[in-house]
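The block underneath contains the structure these notes are about, expressed in structure tokens.
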Amino acid sequence: MKYLSAVKRINWRLVAAAFFAVGILHIVATLSTPSLTPQTGYERLATDLPVNAMQILPPVTPEAQPLPFMGTDARYAVCRFDTADGAVALNATLPGPGWILALYSPEGDNFFSSVAQPGRRRDVSLLLVPFDERFRGEAGDTAPASATVIQNQDPTLTVPARKGIAIIRAPEQGEAYRQRNLAELKRARCAYKRI
């Protein structure tokens with residue numbers, strides 16, 4: 001009987017307000033977490049990478065991950081690019097399904113990605129140019145550097161970017177494909193280019 005009288009005395013408005021407050025706290029904590037982390041992914045990778053050079057990362061293991069939550073089912077090649085001294089040419093081949101080339105800003109924004117398609121080899125050629133330069137578009141007119149991506153007459157995409165990280169992900173397909181995949185990762189290039 002005492003239990004029933006205690007249940008009747010519960011202030012349901014107070015319970016609803018508590019659930020509402022917990023929900024708001026959860027949302028605030030989730031949205032503020034990135035600004036509270038001591039290092040961004042770019043900072044963690046950039047300290048060990050040379051500028052404008054492609055480097056193959058060692059295999060990911062649970063004990064050795066360059067970034068949290070990287071899959072052990074893939075190999076990675078990474079280039080820390082910086083266009084402060086000029087344009088950077090990035091060339092890679094994505095031979096089959098599971099291969100991805102992605103460009104990330106220092107803040108972690110993914111601003112370009114190319115994904116291989118089944119049955120079709122994809123050769124990717126990018127020219128990363130600084131934001132403050134002007135570059136030629138398709139019609140030969142100069143275009144402001146705020147344009148996002150412009151297709152040139154050759155098969156090279158021109159992408160305005162100051163600095164960031166380019167990551168090539170190759171699926172781990174077993175021993176039979178390991179040497180081929182590593183050879184394709186080694187063939188990828190990231191270097192300054194004269195315009």
Side-chain angles (χ1 to χ4, degrees), residues 23-92 94 98-116 122 124-137 142-152 156-171 185 188-193 195:
I24 289 175
L25 180 64
H26 174 70
I27 291 170
V28 168
T30 301
L31 295 177
S32 65
T33 298
S35 62
L36 298 175
T37 56
Q39 278 188 319
T40 64
Y42 177 83
E43 291 168 342
R44 289 181 72 172
L45 285 175
T47 57
D48 298 329
L49 294 174
V51 178
N52 298 329
M54 194 62 74
Q55 183 172 342
I56 298 176
L57 298 179
V60 176
T61 63
E63 297 80 27
Q65 295 181 31
L67 294 173
F69 308 111
M70 288 183 83
T72 58
D73 62 339
R75 291 296 306 266
Y76 299 91
V78 181
C79 172
R80 177 172 62 113
F81 64 86
D82 189 348
T83 60
D85 295 330
V88 176
L90 179 63
N91 299 301
L94 309 176
W99 284 74
I100 300 169
L101 167 67
L103 302 179
Y104 295 91
S105 71
E107 294 78 29
D109 300 322
N110 175 231
F111 61 91
F112 177 85
S113 61
S114 181
V115 179
R122 179 173 210 130
V124 180
S125 181
L126 300 173
L127 184 63
L128 306 171
V129 296
F131 280 137
D132 56 350
E133 285 188 14
R134 297 175 70 82
F135 52 90
R136 294 250 181 234
T142 54
S146 62
T148 54
V149 176
I150 292 189
Q151 174 70 43
N152 287 338
T156 301
L157 283 176
T158 303
V159 181
R162 286 193 178 97
K163 63 181 180 176
I165 295 220
I167 299 177
I168 301 172
R169 180 191 182 278
L185 287 175
R189 295 286 172 251
C190 178
Y192 282 118
K193 180 178 182 177
I195 299 179

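What you see is a predicted model; the values in this text were computed from it and never measured.
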Taking atom [atom1] of [X] and atom [atom2] of [Y], what is their separation to the nearest 0.5 Å?
{"X": "I165", "Y": "E43", "atom1": "CD1", "atom2": "CD", "value": "10.5 Å"}
{"X": "Y76", "Y": "I167", "atom1": "OH", "atom2": "CD1", "value": "8.0 Å"}
{"X": "I168", "Y": "S114", "atom1": "CD1", "atom2": "OG", "value": "10.0 Å"}
{"X": "D109", "Y": "L103", "atom1": "CG", "atom2": "CG", "value": "12.0 Å"}
{"X": "L67", "Y": "L57", "atom1": "CG", "atom2": "CG", "value": "8.5 Å"}

Would you check if the side chain of [X] reaches a backbone N or O of [Y] as a donor-acceptor pair within less than 3.5 Å?
{"X": "R162", "Y": "A84", "value": "no"}
{"X": "R189", "Y": "M54", "value": "no"}
{"X": "N52", "Y": "C79", "value": "no"}

Exercise. Quick one: do D48 and R80 make a salt bridge, cutoff under 4.0 Å?
Worked result: no

Minimal non-hydrogen separation, [X] against [Y], with atom names:
{"X": "F111", "Y": "A161", "answer": "CZ-CB, 3.8 Å"}
{"X": "L185", "Y": "R75", "answer": "CD1-CB, 3.8 Å"}
{"X": "T72", "Y": "V60", "answer": "CG2-O, 3.3 Å"}
{"X": "Q55", "Y": "L49", "answer": "OE1-CD2, 3.5 Å"}
{"X": "P106", "Y": "Y42", "answer": "O-CB, 3.4 Å"}
{"X": "A87", "Y": "L127", "answer": "CB-CD1, 3.8 Å"}

Problem set entry | Step-by-step side-chain contact (heavy atoms from CB on, under 4.5 Å) determination, D73 to R169 | CA-CA 10 Å; D73 62 339; R169 180 191 182 278; 3.5 Å; yes

Problem set entry | Option from N91, V115, L126 for which side chain to side chain contact (heavy atoms under 4.5 Å, CB included) with L101 holds | L126

Exercise. Considering only heavy atoms from C-beta outward, does the side chain of V88 approach that of Y192 to under 4.5 Å?
Worked result: yes

